[in-house]
> 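The structure's right below; bear with me while I get my questions together.
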Amino acid sequence: MTKEEIVSAIKDIIRTIAPDEDLTNLVGSERLRDQIELDSMDFLDIVMELRKRYGVQVPEEDYKELATLDGCGAYLLPLMESKELKLTAV
Amino acid sequence: MPASERFDTVIIGAGMSGLAAGIRLAQFDQRVLVTDRHYLWGGLNSFYKLGGRRFDVGLHALTNYMPPGAPGAKRRPLARVLRQLRLSHADLQLGEQNYSAIAFPGVRLRFKNGFGLLQEDVFARFPRDADGFRRLVRDLADYPVLDGDAPRVSARERLAEYLTEALLIDMLLLPVCYYGSPTPGDIEWTSFVILFKSLYEEGFARPEGGVRTILDLLRHRYAELGGELRMRCGVERVLHSGGVARGVRLEDGTEVAAERVISSAGYVETMRLCGATIAASAVRPGDLGDLSFVESISVLDTKPAELGHDATITFFNSEDRLVYAKPEAPVDYRSGVICCPDNYACRAPAQEGLFRLTLLANYDAWTAFPEERYRAEKEELWRTGHGAITDFAPDIRPHTVFKDIFTPRTIEKFTGHLNGAVYGSPNKRTSGETELRGLYICGTDQGYLGIVGAMLSGVSIANRHALMTA
């Protein structure tokens with residue numbers, strides 16, 4: 001996966017968690033929780049879905065790295081570059 | 001010979017909290033077993049069939065109701081719990097209340113979904129406390145959600161810092177106590193805050209078809225995720241060694257090994273499942289609640305609205321001061337809750353009317369009655385109870401075609417909650433932790449309240465103790 005695909009993967013996960021959020025205008029450098037309604041329980045779900053779909057483990061102290069889409073791309077790239085993008089949300 | 005089995009997590013109790021916890025864990029591929037000793041799921045919010053009719057056990061209202069698009073709704077418990085369980089608001093098929101009322105002698109406060117009506121009535125009836133009430137609401141908005149085991153503070157004392165009129169404090173406490181207090185005449189402050197928001201700021205709705213609609217959703221979701229549910233399957237013992245829970249032994253002798261056990265059976269009840277030594281060291285005097293209720297459900301040949309009663313829920317108190325304590329007599333007729341499920345918006349209204357009356361009851365009295373007397377006392381409470389509330393509602397006795405009554409004895413029999421204590425222990429364990437590592441409490445005794453609260457409790461305990469750490 002490329003960084004862009006990782007961002008797609010994260011957006012796909014958010015669509016599963018929060019189907020009522022509009023993700024079209026998300027800005028990569030801004031905190032996700034400032035742009036859409038995501039609380040700490042939802043962030044846990046992003047982490048859990050990453051583990052379920054891609055076998056990626058994010059330790060609790062690194063959750064903060066996932067605060068922005070750019071952060072997700074940068075942090076997850078070494079963990080996910082060898083994996084295939086899987087989209088599930090409809 | 002009973003075989004030995006292995007799960008990631010065993011959950012005791014197939015009520016709202018247990019099923020919600022089960023869904024969270026099954027969603028992330030844990031092997032989960034939910035067990036319940038009853039043959040119907042739902043726990044304190046179950047359902048049953050009698051005389052060819054279907055009844056809900058406890059449901060008066062789904063509290064925490066907010067319409068999906070309302071400002072701030074996404075941050076409120078209902079939306080959060082639906083997200084966590086991957087359910088949609090529409091799935092619940094909710095119909096909103098007309099309005100509800102708090103009735104004391106000569107004074108009534110009404111409230112409905114959204115907060116305007118209650119504020120209006122408070123300002124009109126208690127003008128001296130208008131500013132205090134505004135300040136209260138403002139402070140509660142920023143009050144943190146449940147986190148860690150906070151010290152116990154009396155809501156009555158905290159309210160007195162805002163409000164000068166004792167009657168207003170009692171009136172605000174009445175619904176809050178009846179919908180969640182294990183403490184006589186008062187409620188712990190954190191619980192008050194949760195209930196104040198869920199009852200007054202948010203509101204009441206009822207799923208079309210009653211509690212079963214929600215329970216079916218939960219059960220199907222859990223099954224579809226591969227979770228295992230065993231009914232008529234009580235837990236006889238929580239197995240542990242070296243201060244760590246290792247699994248459970250079921251009543252049929254089967255031993256189930258698990259990484260962790262989450263119990264919705266109640267704190268004291270769960271400690272007793274760990275054996276006498278743990279129970280002796282973990283249970284303190286006062287941990288066991290003793291507030292219980294009787295409730296009569298009357299089926300009517302008409303609708304309450306036809307008799308001039310359009311309130312959805314009426315919390316009544318016929319004394320000047322709040323009556324909320326375990327009565328000396330089998331039943332206390334001086335305060336209670338009247339619920340008319342027909343006074344919720346509904347797409348396919350029922351043919352018959354329904355009228356529910358909840359009153360405080362004495363567990364010891366109800367469990368001591370021999371069988372014949374027990375039945376006679378139920379009849380008596382129905383007759384006297386409905387005669388005692390005519391200041392607050394029409395006399396439905398001449399319109400009653402069928403009735404059923406449950407008592408503290410019924411509650412204990414079907415839910416296993418000691419003393420028939422509907423709201424459990426006065427000492428809540430918000431962290432969910434117990435003396436044993438790997439054994440956690442969810443549900444009523446963890447501290448969230450109501451149906452949405454119960455689900456949120458299961459979700460948050462599963463998240464904290466079974467997902468983040470796994």
Side-chain angles (χ1 to χ4, degrees), chain A residues 9-27 30-67 69 72 75-76 79-80 83-84 86-90, chain B residues 8-9 20-21 23-32 66-92 144-148 221 225-226 432 442 448 452-453 455-470:
Chain A
I10 295 289
K11 282 188 180 173
D12 187 57
I13 287 173
I14 296 173
R15 262 191 288 274
T16 310
I17 299 167
D20 45 349
E21 296 292 344
D22 179 8
L23 309 184
T24 42
N25 296 318
L26 286 183
V27 178
E30 278 178 31
R31 279 166 24 122
L32 282 165
R33 67 164 68 200
D34 293 338
Q35 304 179 74
I36 50 174
E37 200 64 60
L38 283 184
D39 63 16
S40 57
M41 281 161 101
D42 298 319
F43 270 94
L44 172 66
D45 271 30
I46 295 178
V47 172
M48 296 307 299
E49 289 289 345
L50 281 170
R51 183 159 90 185
K52 182 172 167 176
R53 296 179 189 191
Y54 301 105
V56 172
Q57 298 270 15
V58 181
E60 206 183 326
E61 58 270 23
D62 289 349
Y63 286 8
K64 58 181 184 309
E65 307 289 342
L66 308 181
L69 285 175
C72 288
Y75 176 82
L76 294 169
L79 304 169
M80 289 173 70
K83 315 211 183 238
E84 289 290 318
K86 291 173 232 167
L87 296 180
T88 61
V90 279
Chain B
D8 293 311
T9 305
I23 289 172
R24 283 297 293 169
L25 301 180
Q27 198 157 275
F28 295 112
D29 302 330
Q30 284 203 12
R31 266 204 88 199
V32 192
M66 282 202 115
K74 284 180 183 171
R75 248 169 276 139
R76 297 289 184 149
L78 177 59
R80 293 172 69 210
V81 85
L82 289 173
R83 266 189 186 189
Q84 289 276 300
L85 300 176
R86 311 277 192 271
L87 298 172
S88 82
H89 195 282
D91 291 338
L92 301 179
V145 286
L146 280 194
D147 199 18
R221 184 98 191 89
L225 291 163
C442 73
Y448 285 105
V452 173
M455 292 191 281
L456 198 56
S457 168
V459 165
S460 61
I461 293 302
N463 285 355
R464 191 177 332 174
H465 298 298
L467 289 179
M468 294 181 75
T469 55

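Every heavy atom of this structure was used, including side-chain atoms; hydrogens, water molecules and symmetry mates were not. Proteins come first, then strands; the chains are lettered A, B, ... in the order of their sequence lines, and each starts at number 1.
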> If I measure from the heavy atoms of chain B, does A:I17 come under 4.5 Å with its side chain, its backbone, both, or neither?
both
> Does the B:K74 side chain pair with the main chain of A:E21, one donor and one acceptor, at a distance under 3.5 Å?
no
> Checking B:R75 against A:D39 for the side-chain contact (heavy atoms from CB on, under 4.5 Å) test, could you report, in this order, the C-alpha distance in whole Å, the side-chain angles of both residues, the deciding distance, and whether it holds?
CA-CA 8 Å; B:R75 248 169 276 139; A:D39 63 16; over 6 Å; no
> Heavy-atom cut-off 4.5 Å, strictly under: side chain, backbone, both or neither for B:L85 against chain A?
neither
> Chain A heavy atoms under 4.5 Å from B:D29: which part of the residue, side chain, backbone, both or neither?
side chain
> Any chance CD of A:E61 has more than 12 other-residue heavy atoms, nucleotides or ligands included, within less than 6.0 Å?
yes
> Test side-chain contact (heavy atoms from CB on, under 4.5 Å) on B:H89 and A:D20 and set out the steps.
CA-CA 11 Å; B:H89 195 282; A:D20 45 349; over 6 Å; no
> Side chain from CB out, backbone as N, CA, C, O: work out which of these in A:I36 comes under 4.5 Å of a heavy atom of chain B, or both, or neither.
neither
> List the steps and the verdict of side-chain contact (heavy atoms from CB on, under 4.5 Å) for A:M41 and B:L456.
CA-CA 11 Å; A:M41 281 161 101; B:L456 198 56; 3.7 Å; yes
> Among A:K52, A:M48, A:E49, which has the most heavy-atom pairs under 4.5 Å with chain B?
A:M48
> Might you work through the salt bridge (charged side-chain N to carboxylate O under 4.0 Å, His left out) test for B:R83 and A:E37, ending with a clear yes or no?
CA-CA 11 Å; B:R83 266 189 186 189; A:E37 200 64 60; over 6 Å; no
> Going through the distances and angles, do B:R24 and A:D45 end up as a side-chain contact (heavy atoms from CB on, under 4.5 Å)?
CA-CA 10 Å; B:R24 283 297 293 169; A:D45 271 30; 2.4 Å; yes
